Amino acid sequence: MKKLKLIINNDKRNFTKNTFFVKKEMQTILNLYAKMVSSGQWKDYGLSIGPKEVSFDFYQRSSDKPVYKILKNFSPKHDNEKFLLKDKNGFIIERSSNLNLLIKKRNWLKLKTVG
C-alpha cells in the first residue's frame with residue numbers, strides 16, 4: 001500500500017496575519033454579543049470569512065438574515081472604513097478605524113430592529 005500524504009492549503013503566499021479578527025477585537029465583539037444575548041435581543045451569531053473582509057453576524061433567530069454585521073475590511077480605501085457596521089439590508093450604519101469606538105458609538109440596548 002502506498003503512503004498517503006494530506007496537504008491542507010500550505011501556500012504561505014496567500015496567508016496574511018489580518019485574515020481574521022485579532023484576539024482583542026474578538027473579545028470586544030463577544031462582550032457585546034453576551035450583553036445583547038442576556039437582554040434577550042440576539043439569539044445566535046455567525047462568522048463569514050472572505051478574501052476582502054471578515055464579518056461577525058448577529059441574529060435574532062437562527063433562521064433569519066443577520067440583524068447586524070460587524071465587518072473588518074482588509075484593504076480599506078479610507079482609514080475610517082477598516083471596521084463597518086451594517087444592518088440586515090447591507091446598508092452601512094457606522095464606519096470607523098477603531099472597533100471599540102464603533103461599538104461604543106451605538107446605544108445597543110435602545111436599537112430596535114424593524115421587521
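The shown structure was predicted, so the numbers you read here are calculated from the model rather than taken from an experiment. Sequence positions, counted from 1, serve as the residue numbers for this chain.
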Residue pair [X] / [Y], side-chain heavy-atom distance below 4.5 Å:
{"X": "Arg95", "Y": "Leu85", "answer": "no"}
{"X": "Leu84", "Y": "Ile70", "answer": "no"}
{"X": "Ser39", "Y": "Gln41", "answer": "yes"}
{"X": "Ile92", "Y": "Lys86", "answer": "yes"}
{"X": "Phe56", "Y": "Leu71", "answer": "no"}
{"X": "Leu47", "Y": "Phe20", "answer": "yes"}
{"X": "Phe21", "Y": "Ile29", "answer": "yes"}
{"X": "Val37", "Y": "Phe58", "answer": "no"}

Practice problem: Compute the ring centroids of Tyr45 and Tyr59, then answer whether they are less than 6.0 Å apart. | Solution: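 Ring centres of Tyr59 and Tyr45 not closer than 6.0 Å.
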How many angstroms lie between [atom1] in [X] and [atom2] in [Y], if you round to the nearest 0.5 Å?
{"X": "Leu30", "Y": "Lys35", "atom1": "CG", "atom2": "NZ", "value": "14.5 Å"}
{"X": "Glu94", "Y": "Ile103", "atom1": "CD", "atom2": "CD1", "value": "11.5 Å"}
{"X": "Lys77", "Y": "Asn73", "atom1": "NZ", "atom2": "CG", "value": "9.5 Å"}
{"X": "Asp79", "Y": "Lys82", "atom1": "CG", "atom2": "NZ", "value": "8.5 Å"}

Quiz item: Is it true that Lys72 and Glu25 make a salt bridge, defined as a side-chain N closer than 4.0 Å to a carboxylate O?
Solution: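 Yes.
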Quiz item: Got a sec: does the NZ of Lys105 have more than 12 other heavy atoms crowding it under 6.0 Å?
Solution: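 Yes, NZ of Lys105 has more than 12 neighbouring heavy atoms, counting only those of other groups under 6.0 Å.
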Practice problem: Verify the cluster assignment for Met26 and Leu102: are they in a single hydrophobic cluster under the rule of side-chain heavy atoms below 4.5 Å apart? | Solution: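 Both belong to a single hydrophobic cluster.
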Quiz item: Are Phe74 and Ile49 grouped together when hydrophobic residues (ILVMFWY) are joined by side-chain heavy atoms under 4.5 angstrom apart?
Solution: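 Yes, it is one cluster - the side chains of Phe74 and Ile49 are joined through contacts under 4.5 Å.
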Quiz prompt | Heavy-atom pair of closest approach, residues Lys43 and Gln60 | solution =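 Closest approach of Lys43 to Gln60: CG-O, 2.5 Å.
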Practice problem: Verify whether one side chain among Ser55 and Asp57 offers a donor that lies under 3.5 Å from an acceptor in the other. | Solution: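 Short answer, yes.
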Quiz prompt | Whether Asp87 side chain and Asn89 backbone form a donor-acceptor pair below 3.5 Å | solution =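 Yes; at least one donor-acceptor contact below 3.5 Å.
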Quiz prompt | side-chain contact (heavy atoms from CB on, under 4.5 Å) assessment of Lys24 paired with Leu99 | solution = CA-CA 10 Å; Lys24 284 191 175 203; Leu99 180 63; over 6 Å; no
Quiz prompt | Audit row: Ser97, Asn80, side chain to side chain donor-acceptor pair (under 3.5 Å) steps and yes/no | solution = CA-CA 4 Å; Ser97 60; Asn80 70 339; over 6 Å; no
